[in-house]
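Below: one structure, written as structure tokens.
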Amino acid sequence: MKTLPELLESGVRDALRVLYDADGANQEITLQSTRKEFEGEFTVVTFPLTRLARKKPEVIAEEIGAYLQGNVDEVTGYNVIKGFLNLVIADRYWTKFLLDSAVAEGFGHVDGGKERVVVEFASPNTNKPLHLGHVRNILLGWATSQLLQAAGHDVVRVQIINDRGIAICKSMLAWERFGDGATPKSKGTKADHFVGGYYVLFEQRFQQEYAEWQQSDEAASVLAEKNTKDLSPEAFWKSFKNTYFNEYSDLGRAAKEMLLRWEKGDPETVALWNRMNGWVYEGFDETYERLGVTFDKVYYESQTYLLGKDMVEAGLDKGVFYRKDDGSVFADLSDTKLDQKALLRGDGTSLYITQDLGTARLRYDDFQAKRMVYTVGDEQNYHFQVLFELLKRLEEPYANGLFHLSYGMVDLPTGKMKSREGTVVDADDLMDEVIQEAYQSSLERDATSELNDTERREIIRKIGMAALKFQIIKVGPQKRMTFDPKESVDLQGQTGPYVQNAYVRTRAVWRKAGDRDLSAADQYRELQPAERELISQLYAYPTLLQDAAANYDPSVVAMFCYELAKNLHKFWHDVSILNAETEAAVAFRLQLCQAVGNVLRSGMGILGIDMPERM
RNA sequence: GGCUGCGUAGCUCAACUGGAUAGAGCACUUGACUACGAAUCAAGAGGUUUCAGGUUCGAAUCCUGACGCGGUCACCA
């Protein structure tokens with residue numbers, strides 16, 4: 001069966017041929033949904049048709065409108081405003097569509113049959129707990145993976161955890177030296193926070209050591225000798241910090257030695273590393289569960305950081321990379337404005353980018369997916385441009401299916417989050433706060449007072465999480481966003497709870513309706529404006545999911561849910577459901593509530609937001 | 001500085017990828033619960049889309065330049 005846009009488009013082409021004897025085959029027909037303030041559901045823009053028809057836009061619109069009304073069954077009316085032809089679709093088309101298609105469970109979703117796609121998101125380091133930045137990443141990545149799945153793809157969810165390197169060694173060293181054998185259990189601290197605490201402790205001790213050292217004779221001579229730019233002592237010491245860590249610091253040396261021992265596979269070091277990372281994963285898993293996300297496979301950098309060298313060799317054989325005299329390997333990407341990029345060091349060891357080459361291949365071997373999505377912040381745009389270009393030059397079979405799902409950083413009202421300044425918003429704290437907010441708000445209402453404590457807590461959790469998730473996902477991914485944790489999140493207006501409330505209304509009316517004969521629904525004839533609005537919006541849902549998936553953009557699903565909820569609220573206000581004038585109207589409106597409720601639950605489900613039955 | 005992204009109501013964000021009078025929410029003002037749930041609805045006010053040119057039937061959107069704010073420019077990850 002043809003869709004409405006298809007019907008209307010071919011109708012317009014017919015009209016062009018019949019009315020103007022013009023071949024419209026190559027003519028783009030601009031069709032859009034009609035703006036709220038005008039009557040109709042679809043609009044044809046006639047400005048572009050003036051050349052074919054050789055008439056004024058208004059005249060063309062009038063003539064095509066008349067033609068469509070006369071020749072296309074689904075069009076029962078039209079109106080013309082300037083060059084815009086607004087078309088009114090028949091009530092019986094809408095009622096049939098609702099009862100035949102839209103009320104069905106799973107409406108809008110496509111079942112399988114498409115490509116397999118790997119979606120990577122989260123991908124934290126193990127030295128500190130998850131924060132607000134990770135939250136955006138995780139929500140975005142999860143929603144996108146759900147969206148791709150709803151659009152019919154076979155989705156594999158993965159993350160790669162950076163579990164090695166100097167950072168985790170700092171935590172290990174601090175724990176070893178200052179920890180007194182404490183464990184998360186003995187301290188009663190969430191395990192990843194426990195480990196993160198030692199990372200912070202290391203930094204504090206290091207700063208202390210550095211400050212003391214600055215008073216020494218050695219420091220005085222370093223200052224005299226190396227402060228060539230004549231900086232103030234404070235400024236110089238700030239810029240000298242890395243050098244100090246690498247060349248003078250006891251703690252720095254100890255951390256680096258630990259890293260070396262780890263790389264050599266020293267059993268004691270590896271055991272400590274396993275123990276501390278194990279704690280971190282325990283904590284991460286709790287946070288992931290609270291956020292409602294899961295992974296099909298977890299990769300660890302400790303297992304992938306040596307990969308990719310063979311691909312570099314292959315690239316050398318192919319002649320797409322070159323080796324310098326000192327033994328280092330480079331790719332010349334200057335023809336694509338990406339400059340020269342190092343792939344192997346002079347000593348033959350690999351780099352970040354090398355590892356990513358290898359990991360891409362590894363994933364392809366694991367899943368045979370020709371599409372892979374990387375959910376990573378926009379600070380790494382350049383990195384991924386280079387990575388994808390390299391994989392293309394290596395002629396990897398999946399090279400054309402790679403997508404960097406880039407998103408903007410999350411700022412606080414006070415500016416950027418800085419771990420040094422302690423302004424980082426912790427993920428677990430944030431969730432606690434929004435749920436607390438939802439709790440306060442629920443105290444002012446009594447809609448759930450007949451439920452027991454467990455049930456109420458569960459509802460409040462759903463409301464708080466909906467507020468948080470919706471607030472973040474509704475913003476387009478590439479946009480940098482400001483998030484105010486103090487005001488936590490709103491529960492009214494353009495929010496998750498607002499959408500939930502619309503859903504809860506559709507459920508409440510059904511509870512009240514009880515068992516009822518709905519067979520009269522198809523006798524319903526004259527649609528109210530609020531009903532037409534809702535149905536034509538439902539009609540757009542399947543296409544919207546496909547478009548959103550093609551653009552990797554869950555924010556449009558969020559905005560759609562909001563608009564649908566808004567129209568449901570208006571409908572609720574404008575018409576009676578159970579007290580409607582006829583039995584047909586009651587039955588039809590109940591079905592409409594059912595369909596809207598289903599779509600709201602579906603759309604919000606894609607975003608990772610649960611719907612309560614009451615609130 | 002090179003490359004790159006962004007600049008829309010007091011604030012947080014939209015604008016179907018070039019279409020109508022640039023829309024929502026928050027905050028502010030004002031109405032609506034004896035009603036299927038008021039976490040709701042209705043109304044008001046709020047704009048030279050940073051600025052200056054250009055392209056065309058038509059520009060927040062495309063081009064050029066200026067100003068402002070990010071990101072990135074390691075044989076780091």
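So you know, we letter chains A, B, ... as the sequences are listed, proteins then strands, and number each from 1.
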At 4.0 Å (heavy atoms only), tell me whether [X] reaches a base, stays on the sugar-phosphate, or touches nothing.
X        : answer
A:Ser328 : base
A:Glu444 : nothing
A:Met615 : base
A:Ser576 : base
A:Val575 : base
A:Ile463 : base
A:Gly377 : nothing

Next item on the list: In whole angstrom, give me the gap between the C1' atoms of B:rA59 and B:rC51.
Entry: 16 Å
Note to self: Distance check, P atoms only: B:rA9 and B:rA22, in whole angstrom units.
What the structure shows: 14 Å
Length of the [atom1]-[atom2] vector between [X] and [N], whole Å:
X        : N      : atom1 : atom2 : answer
A:Lys337 : B:rG2  : NZ    : C1'   : 10 Å
A:Arg480 : B:rU8  : CZ    : P     : 14 Å
A:His569 : B:rC41 : NE2   : P     : 6 Å

Margin query: Please tell me whether A:Tyr552 and A:Phe403 form a close aromatic pair, meaning their ring centres lie under 6.0 Å apart.
Written below: yes
Does the cation-pi check pass for [X] over [Y], that is, NZ or CZ under 6.0 Å from the six-membered ring centre and within 45° of its axis?
X        : Y        : answer
A:Lys324 : A:Phe330 : yes
A:Lys170 : A:Phe245 : yes
A:Arg164 : A:Tyr305 : yes

Next item on the list: Answer yes or no as to whether B:rG19 has its base stacked against A:Phe47, where stacking requires a ring-centre separation under 5.5 angstrom and planes under 30 degrees apart.
Entry: yes
Notebook entry, point to check: Is there ring stacking between A:Phe84 and B:rA20, where the centres must be under 5.5 angstrom apart and the planes under 30 degrees?
Noted result: yes
Checklist line | Upstream residue (5' side of RNA chain B) when A:Leu578 and A:Gln380 are each assigned their closest nucleotide | finding: A:Leu578
Check: Does A:Ile81 or A:Arg614 map to a spot on RNA chain B nearer the 5' end, using the closest nucleotide for each?
Finding: A:Ile81
Notebook entry, point to check: Rounded to the nearest 0.5 Å, how far apart are CD1 of A:Ile463 and CD of A:Glu437?
Noted result: 12.0 Å
Note to self: Heavy atoms from C-beta onward define the side chain here; which of B:rG19, B:rA20, B:rG25 lies closest to that of A:Lys566?
What the structure shows: B:rG25
Notebook entry, point to check: Nearest to the side chain of A:Arg35 - B:rC13, B:rG23, B:rA24?
Noted result: B:rG23
Margin query: Could you work out, with ring pair (Phe, Tyr, Trp, His ring centres under 6.0 Å) as the rule, every residue matching A:Phe84, not counting sequence neighbours?
Written below: A:Phe47
Check: When you measure from the side chain of A:Arg35 to the backbone N and O of A:Thr43, does any donor-acceptor pair fall under 3.5 Å?
Finding: no
Would you tell me if any nitrogen or oxygen in the side chain of [X] comes within less than 4.0 Å of OP1 or OP2 on [N]?
X        : N      : result
A:Trp510 : B:rC36 : no
A:Arg505 : B:rG37 : no
A:Tyr503 : B:rG37 : no

Margin query: Could you check whether the side chain of A:Ser555 and the base of B:rA14 have a donor-acceptor pair of N or O atoms closer than 3.5 Å, going by distance alone?
Written below: no
Next item on the list: Convert the base pairs of RNA chain B into dot-bracket notation, remembering that pairs crossing earlier ones are written with [ ] and that bases paired across to another strand are shown as |; include only Watson-Crick or G-U pairs under 3.5 Å.
Entry: (((((((..((((.....[...)))).(((((.......))))).....(((((..]....))))))))))))....
